[in-house]
Peer 1: 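Here it is, the structure in full.
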Amino acid sequence: MVNEHISALRLEMAMVRQLRAEATRSAALRAAADLFLRVGHATATLSQVSAESGVTKGALYFHFASKEELSRALVDEGRERVAAACSGLVDNRSPALESVIGITYSVLELANSDNLVRIMYRLQLEVDGPDPSRGSVFGTWQNLFELLFDRAITHGDVIDSLDSKTASLLVSEVLSGVLMVAEGTSKLASAPIRMEQVWHTILPSLVPPEKLSYFREFASRSLSSFVRDRAPIEV
């Protein structure tokens, strides 16, 4: 009986330690994302991350042995958040092209609302370089869009001559461009609205004429799920 009590107590203590470790790691990642965005990755130091997060240097180095390791963790966490948001918008009961449109809005809204995602986009090339084995969030988009366009072709929601690989590349590169311009001009908040304008422009080259009005209406209607205030965007 005593041994069972001791075992249960040890298990409870281990769980508490694990929760504390996860909270410490999360606090460090949040502080690092905010700091890197504010002062730049090259300028920021682990000492600054420690001071801003309230995490001791010892605890910080326990989780991240170097700034490079911390940066890698930020990229991985940002990718996971984007992947989770994208997968949550894939609904096999709805037209696949609706999922593609929703994903583009979600990606842009996340970049505006989540600093971990935003810094991930900035750090990807710096952390991974040109190594294709590391993958990238951009490649993830393209692979997912290709699968969705394959389904859209099967269901007749896009034109017969459309190639899913070409269509996925087009949407991925357009999305990357909207994200890059919005980040560079400090207008991330209006990026989903810009993406809606892009959809209205490119949809005629993707869908049959008889379905154009439906998908354009969907692009406008679904935007409200990601943007509360649809004030005119600045140019």
Side-chain angles (χ1 to χ4, degrees), residues 78-114 117-118 120-121 124 132 135-183 187-233 235:
R79 285 179 182 167
E80 287 178 10
R81 294 187 183 194
V82 171
C86 291
S87 63
L89 290 168
V90 176
D91 185 352
N92 291 331
R93 298 166 299 179
S94 301
L97 188 54
E98 290 185 2
S99 295
V100 173
I101 293 170
I103 287 168
T104 62
Y105 292 157
S106 180
V107 162
L108 295 170
E109 192 280 330
L110 266 179
N112 180 56
S113 64
D114 189 333
V117 171
R118 186 178 175 191
M120 176 268 292
Y121 290 123
Q124 275 201 116
S136 75
V137 72
F138 307 111
T140 300
W141 295 346
Q142 190 172 338
N143 291 336
L144 179 56
F145 289 154
E146 187 171 348
L147 290 173
L148 289 169
F149 273 114
D150 277 335
R151 206 173 89 209
I153 290 170
T154 300
H155 293 165
D157 286 331
V158 295
I159 56 178
D160 294 337
S161 60
L162 190 69
D163 173 70
S164 61
K165 191 165 196 146
T166 301
S168 64
L169 181 60
L170 168 66
V171 175
S172 296
E173 293 193 346
V174 166
L175 177 57
S176 300
V178 171
L179 176 63
M180 186 181 303
V181 171
E183 171 73 18
K187 294 177 181 176
L188 275 170
S190 62
I193 300 174
R194 290 182 180 275
M195 192 68 215
E196 180 205 14
Q197 296 174 337
V198 170
W199 276 117
H200 274 244
T201 301
I202 68 174
L203 277 170
S205 65
L206 299 176
V207 304
E210 66 273 16
K211 296 193 176 185
L212 178 58
S213 60
Y214 171 81
F215 282 109
R216 274 183 165 170
E217 182 182 348
F218 176 82
S220 297
R221 187 176 68 250
S222 61
L223 179 65
S224 61
S225 300
F226 301 93
V227 178
R228 293 181 181 177
D229 182 10
R230 287 203 57 182
I233 62 175
V235 295

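One-based numbering along the sequence shown.
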Peer 1: Can you confirm whether Leu188 sits close enough to Leu179 that some side-chain heavy atom of one is under 4.5 Å from a side-chain heavy atom of the other?
Peer 2: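 Counting from C-beta outward, Leu188 and Leu179 do come under 4.5 Å.
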Peer 1: Please, which pairs that meet salt bridge (charged side-chain N to carboxylate O under 4.0 Å, His left out) have at least one residue in residues 94-110, sequence neighbours excluded?
Peer 2: none
Peer 1: Minimum heavy-atom separation for Ser205 and Ile202, please, with both atom names.
Peer 2: OG-O, 2.7 Å
Peer 1: Any side-chain heavy-atom pair from Val117 and Val137 closer than 4.5 angstrom?
Peer 2: no
Peer 1: Which word best sums up how the rings of Tyr214 and Phe218 line up, parallel for under 30°, tilted for 30 to 60°, or perpendicular for over 60°?
Peer 2: parallel
Peer 1: Do the non-hydrogen side-chain atoms of Ser190 and Arg194 ever get within less than 4.5 Å of each other?
Peer 2: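 Result yes, sub-4.5 Å side-chain heavy-atom pair found.
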Peer 1: Whether the Trp199 and Thr104 side chains hold a donor-acceptor pair (N or O, under 3.5 Å, no angle test) is what I'd like checked.
Peer 2: yes
Peer 1: Of the non-hydrogen atoms in Ser87 and Ala84, which two are nearest, and what is the gap between them?
Peer 2: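 Distance-wise, the nearest heavy atoms are OG-O, 3.0 Å.
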Peer 1: Are Leu170 and Phe145 packed together at the side-chain level, in the sense that at least one heavy-atom pair is separated by less than 4.5 angstrom?
Peer 2: no
Peer 1: For the residue pair Arg118 and Asn112, establish whether any side-chain heavy-atom pair is separated by less than 4.5 Å.
Peer 2: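 Side-chain contact under 4.5 Å: no.
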Peer 1: If you define the side chain from C-beta out and look only at heavy atoms, does anything of Glu196 sit under 4.5 Å from Ser222?
Peer 2: no
Peer 1: Can you pull out every salt bridge (charged side-chain N to carboxylate O under 4.0 Å, His left out) where at least one residue sits in residues 137-152? Sequence neighbours excluded, please.
Peer 2: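 Passing the test, one end in residues 137-152: no pairs.
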Peer 1: Taking all heavy atoms of Ser106 and all of Leu89, pick out the closest pair and write down the distance.
Peer 2: CB-CD1, 3.4 Å
Peer 1: Between Ser220 and Glu217 (side chain of the first, backbone of the second, donor and acceptor by atom type, cut-off under 3.5 Å), is there such a pair?
Peer 2: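 Absent.
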Peer 1: Is there a side-chain contact between Ile101 and Met195, using heavy atoms and a 4.5 Å cut-off?
Peer 2: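 Not touching, per the 4.5 Å side-chain cut-off.
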Peer 1: How long is the span from the CZ atom in Phe149 to the NZ atom in Lys165, to the nearest 0.5 Å?
Peer 2: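 The NZ atom of Lys165 is 14.5 Å from CZ of Phe149, to the nearest 0.5 Å.
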Peer 1: Check whether any side-chain heavy atom of Val82 sits under 4.5 Å from a side-chain heavy atom of Tyr121, and report yes or no.
Peer 2: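 Yes, close enough: below the 4.5 Å cut-off.
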Peer 1: To the closest 0.5 Å, what do you measure between CG (Leu206) and CG (Asp157)?
Peer 2: 11.5 Å
Peer 1: I need the minimum non-hydrogen distance between Ser99 and Val90, along with the two atoms involved.
Peer 2: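 So the two residues come closest at OG-CA, 3.7 Å.
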